[in-house]
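The structure is given below, and queries will be raised subsequently.
Values below: all heavy atoms of this structure, side chains included; hydrogens, waters and symmetry mates excluded. All residue numbers refer to positions in the sequence shown, counting from 1.
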Amino acid sequence: MTLEYTENMLHDEDDASDASSDVTELEEYDFPDHFFERDGRLFHSHGSLPYPLPVDGPEQARLNSLHRILRDTVEYHYLGPVTEVLSDGRSRQKRVLDLCTGTGRWPMDMARLFPLVKIYGLDIVPIATRRPLRHVQFEIHDITERFRWNNGAMDFIHARNIDLAVTDYPELLREVARLLRPGGLFFSGEIGRSIDFAHGSSFNLARQAPHARSFFQVVNRSLELRHLVPIADRIPGFIQQSHQFTVPTIQTFHIPVGDWHHNLVMKRVGRMYLAALKDFAESLKPMLRETGMTQQEINSLVTGFIEDIEHVPGLVGVYHTAWARKL
C-alpha cells in the first residue's frame, strides 16, 4: 500500500479512476517508523533496500544544493519536449511522476511552471514538504516495486539521480513503460560515479588527482556489494534494448568542481558542487565502515579526496542525460 504524507488530500477524479490501489495518509506519529539512527546520522528504515546514504538534515541540504547545481548546469528545469507533452490537457489532467523525489524541490518548481498538471513525487522516506502546492502530491513508495497506477496513467516520468536506489534498471524501465501513455516522455539524469578533467585538458587523473580517483574506486567497489553498479552512461542502451521507446536523445554536461571555470554562472556552480562532493564523502563514511575499513583508513581516503578536489583545477563531474518517448 502506498502512503501519502502531504496534507493535500484533494485527489482529482482522473487519479481515482487510474489508480489500482488505495492511498493512505501518513499520520504524524508514523513518521519515526521510517527512520533509524546510526553513527550519529539518520537513515531510512527499509532494511532490504540498497540506498546507502543518510536522509537527515545535512543530506537534505546536499540534495537541495544538487537540485540547483543541475538546474543551472542544463540551464532549465527539464530537457526534451516537456511543454509539448504536458500541453493541451482539455480532455484530462496531465500527470508527471518524479522518482526518488527526495526533498521534492523539482516537483515544486515544475508545479509553478505547469499549474494545471498533477505532479507526484515518490520516495522511501517522507522528507519533502508536507504543505506542497495544491496539484503536487508526495508519497512513500519503493520504486523497485510495482506502482499503484494503471497502464498509461502518466504523461511524463522523471528519473534523476536514482542510481543508488535501483539494482535492476531494465526492470524499472519495464514498469516505466507500463505507466506511460503512448507518446509519453521518460527522462533520465545521472551524475557519473567518478571524476574527470574537462574536455581539452591534457591532465591525467592518475597523476594529477590520484586521491580523487582512488576515492571513487573504493566507493564503487563498496556500492557493488549492494549490487549498485555504475550505470549512468549505460541507461541509453537500456532504453533502446527495452524496445518500448523511441531512440533516446543523449546529452552530457560537465559540472565544474571548484571555481576554476571562466563563466561566472559555472564558477558559482563549481563552488556549490565542490561543497556537495565534500558532503557526499562525509555521508558515505557509515557505508565505508560497513565494508570493514578502519576509521583511520576512511579518514585518510576522504581527506585525500578533498585535498584533490579543492586544489586541482579543471576537475569535473559528468552529468549523463537521456530522454525518449513511449512507442
**Prompt:** Does the ring pair (Phe, Tyr, Trp, His ring centres under 6.0 Å) test come out yes or no for Phe216 and Phe305, once each step is laid out?
**Reply:** CA-CA 9 Å; Phe216 278 105; Phe305 170 66; 5.7 Å; yes

**Prompt:** After noting the C-alpha distance and the side-chain angles of Gln137 and Glu139, does the key distance pass the side-chain hydrogen bond (donor to acceptor under 3.5 Å, both in side chains) rule?
**Reply:** CA-CA 7 Å; Gln137 184 167 306; Glu139 300 179 7; 2.6 Å; yes

**Item:** Residues forming a salt bridge (Lys or Arg N to Asp or Glu O under 4.0 Å) with Arg68, sequence neighbours excluded
**Value:**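 By the salt bridge (Lys or Arg N to Asp or Glu O under 4.0 Å) rule, Arg68 matches no residue at all.
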
**Item:** Note: Glu290-Arg38 ion pair, threshold 4.0 Å (strictly below)
**Value:** yes

**Request:** Decide, yes or no, whether a salt bridge links Glu175 with Arg178 under the criterion of side-chain N to carboxylate O below 4.0 Å.
**Result:** yes

**Message:** Quick check: is Phe215 connected to Leu228 through a chain of hydrophobic side chains (ILVMFWY, heavy atoms under 4.5 Å apart)?
**Reply:**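 Cluster IDs for Leu228 and Phe215 match.
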
**Message:** Working note: Gln93 + Leu116, criterion side chain to side chain contact (heavy atoms under 4.5 Å, CB included); need CA distance, chi angles, decisive distance, verdict.
**Reply:** CA-CA 7 Å; Gln93 187 178 33; Leu116 300 180; 5.9 Å; no

**Item:** Side chain proximity check, Leu97 to Leu122, heavy atoms < 4.5 angstrom
**Value:**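 Yes; the side chains approach each other to less than 4.5 Å.
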
**Asked** Would you say Arg105 has more than 12 foreign heavy atoms packed within less than 6.0 Å of its CZ?
**Response** no

**Asked** Taking the side chain from Lys94 and the backbone from Ser87, do they hold a donor-acceptor pair closer than 3.5 Å?
**Response**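 Between the backbone of Ser87 and the side chain of Lys94 there is a qualifying donor-acceptor contact (under 3.5 Å).
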
**Request:** With the side chain counted from C-beta on, respond yes when Phe186 and Leu179 share a heavy-atom pair under 4.5 Å apart, and no when they do not.
**Result:**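 Of all side-chain heavy-atom pairs linking Leu179 with Phe186, none is under 4.5 Å.
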
**Prompt:** Could you walk me through whether Asp72 and Arg268 pass the salt bridge (charged side-chain N to carboxylate O under 4.0 Å, His left out) check?
**Reply:** CA-CA 9 Å; Asp72 290 349; Arg268 177 173 56 82; 3.1 Å; yes

**Request:** Can you run down the ring-ring contact (aromatic ring centres under 6.0 Å, His included) pairs that involve residues 308-327, sequence neighbours left out, and say none if there aren't any?
**Result:**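 Matches after skipping sequence neighbours: none remain.
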
**Item:** Donor-acceptor contact below 3.5 Å, side chain Thr101 vs main chain Asp98
**Value:**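 No, because the side chain of Thr101 does not come within donor-acceptor range (under 3.5 Å) of the backbone of Asp98.
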
**Prompt:** Which value, rounded to the nearest 0.5 Å, describes the distance between Leu86 atom CG and Arg95 atom CZ?
**Reply:** 12.0 Å

**Request:** Answer yes or no: is there a side-chain heavy-atom contact under 4.5 Å between Lys326 and Arg181?
**Result:** no

**Prompt:** Do Asp39 and Lys285 meet the salt-bridge criterion of a basic N to acidic O distance under 4.0 Å?
**Reply:** no

Hey, can you pull the donor-acceptor pairs under 3.5 Å for the side chains in residues 50-60, sequence neighbours left out?
| residue | atom | partner | partner atom | Å |
| --- | --- | --- | --- | --- |
| Asp56 | OD1 | Arg41 | NH2 | 3.0 |
| Asp56 | OD1 | Glu59 | N | 3.4 |
| Asp56 | OD2 | Arg41 | NE | 2.6 |
| Asp56 | OD2 | Leu42 | N | 3.3 |
| Glu59 | OE1 | Arg62 | NE | 3.0 |
| Glu59 | OE1 | Ser283 | OG | 3.0 |
| Glu59 | OE2 | Arg62 | NE | 3.0 |
| Glu59 | OE2 | Arg62 | NH2 | 2.6 |
| Gln60 | NE2 | Val55 | O | 2.9 |

Tabulate below the donor-acceptor pairs under 3.5 Å that side-chain atoms of residues 77-84 make, not counting sequence neighbours, or state none.
| residue | atom | partner | partner atom | Å |
| --- | --- | --- | --- | --- |
| Tyr78 | OH | Thr83 | OG1 | 3.0 |
| Glu84 | OE2 | Arg325 | NH1 | 3.0 |

**Prompt:** Quick one: do the Asp109 and His67 side chains pair a donor with an acceptor below 3.5 Å?
**Reply:**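 Asp109 vs His67: donor-acceptor pair found between side chains.
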
**Request:** Spell out, yes or no, whether Phe43 and Ile162 are grouped together once hydrophobic residues are joined by side-chain heavy atoms under 4.5 Å, including indirect joins.
**Result:** no

**Message:** Around atom CD of Glu75, are there more than 12 heavy atoms from other residues, nucleotides or ligands closer than 6.0 Å?
**Reply:** no

**Arg160 and Glu190 ion-paired at < 4.0 Å** =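 Answer for the salt bridge query: no.
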
**Asked** Can you check whether Asp168 reaches Leu172 side chain to side chain, under 4.5 Å on heavy atoms?
**Response**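 Sidechains of Leu172 and Asp168: no contact.
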
**Item:** Rounded distance [0.5 Å steps], CZ in Arg271 versus CD1 in Ile69
**Value:**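 So the gap between those two atoms works out to 12.0 Å.
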
**Request:** Show your reasoning for whether side-chain hydrogen bond (donor to acceptor under 3.5 Å, both in side chains) applies to Arg174 and Gln244.
**Result:** CA-CA 8 Å; Arg174 283 189 281 274; Gln244 297 285 337; over 6 Å; no

**Request:** Nearest 0.5 Å please: distance from the OG atom of Ser300 over to the CE atom of Met293.
**Result:** 8.0 Å

**Request:** Can you measure from NE2 (His34) to NE2 (His44) and round to the nearest 0.5 angstrom?
**Result:**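 Going from the NE2 atom of His34 to the NE2 atom of His44 covers 12.5 Å.
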
**Prompt:** Would you say Val316 and Leu264 are hydrophobically clustered, going by side-chain heavy atoms of ILVMFWY under 4.5 Å?
**Reply:** no

**Item:** Worked verdict on Arg221 versus Glu224 for salt bridge (charged side-chain N to carboxylate O under 4.0 Å, His left out)
**Value:** CA-CA 5 Å; Arg221 285 197 298 268; Glu224 285 171 10; over 6 Å; no

**Prompt:** Are Ile250 and Val74 linked, directly or through other ILVMFWY residues, by side chains that come within less than 4.5 angstrom of each other?
**Reply:**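 No, it is not one cluster - the side chains of Ile250 and Val74 are not joined through contacts under 4.5 Å.
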
**Request:** Kindly assign one of parallel, tilted or perpendicular to the pair Phe147 and His141, based on the angle between their ring planes and the thresholds 30° and 60°.
**Result:** tilted

**Asked** Rounded to the nearest 0.5 Å, how far does OG of Ser194 lie from CG of Leu205?
**Response** 8.5 Å

**Stepwise side chain to side chain contact (heavy atoms under 4.5 Å, CB included) test for Thr73 and Val269** = CA-CA 7 Å; Thr73 297; Val269 166; 3.8 Å; yes

**Request:** Using a 4.5 Å cut-off on heavy atoms from C-beta on, say whether the side chain of Cys100 contacts that of Ile143.
**Result:** yes

**Common cluster, Ile195/Leu164, ILVMFWY with side-chain heavy-atom separation under 4.5 Å** = yes

**Rounded distance (nearest 0.5 Å) linking atom OG1 of Thr303 with atom CD of Glu307** =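 That separation rounds to 9.0 Å.
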
Considering only distance and modelled atom types, tabulate donor-acceptor pairs under 3.5 Å from the side chains of residues 251-261, sequence neighbours left out.
| residue | atom | partner | partner atom | Å |
| --- | --- | --- | --- | --- |
| Trp260 | NE1 | Val257 | O | 3.2 |
| Trp260 | NE1 | Leu315 | O | 3.2 |
| His261 | ND1 | Asn263 | N | 3.0 |

**Message:** Within the structure provided, determine whether Leu173 and Phe245 are in side-chain contact (heavy-atom separation under 4.5 Å).
**Reply:** yes

**Asked** Do the side chain of Lys118 and the main chain of Val136 share a donor and acceptor less than 3.5 angstrom apart?
**Response** no

**Request:** Show the numbers, then the answer: is there a side chain to side chain contact (heavy atoms under 4.5 Å, CB included) between Leu66 and Tyr273?
**Result:** CA-CA 7 Å; Leu66 202 56; Tyr273 192 49; 4.3 Å; yes

**Request:** Tell me yes or no: between the side chains of Asn204 and Gln208, is some donor less than 3.5 Å from an acceptor?
**Result:** no

**Message:** Just to verify, what does Phe187 make a ring pair (Phe, Tyr, Trp, His ring centres under 6.0 Å) with, not counting sequence neighbours?
**Reply:**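 Here the qualifying residues are His158.
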
**Asked** Hey, does the side chain of Asp123 reach the backbone of Gly102 with a donor-acceptor pair shorter than 3.5 angstrom?
**Response** yes

**Item:** Heavy-atom side-chain contact between Tyr76 and Leu113 under 4.5 Å
**Value:**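 The answer is yes; the side chains approach within 4.5 Å.
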
**Request:** For the residue pair Phe35 and Pro126, establish whether any side-chain heavy-atom pair is separated by less than 4.5 Å.
**Result:**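 A side-chain contact under 4.5 Å exists here.
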
**Check against side chain to side chain contact (heavy atoms under 4.5 Å, CB included), Leu49 and Asp142** = CA-CA 8 Å; Leu49 301 183; Asp142 171 10; 3.1 Å; yes

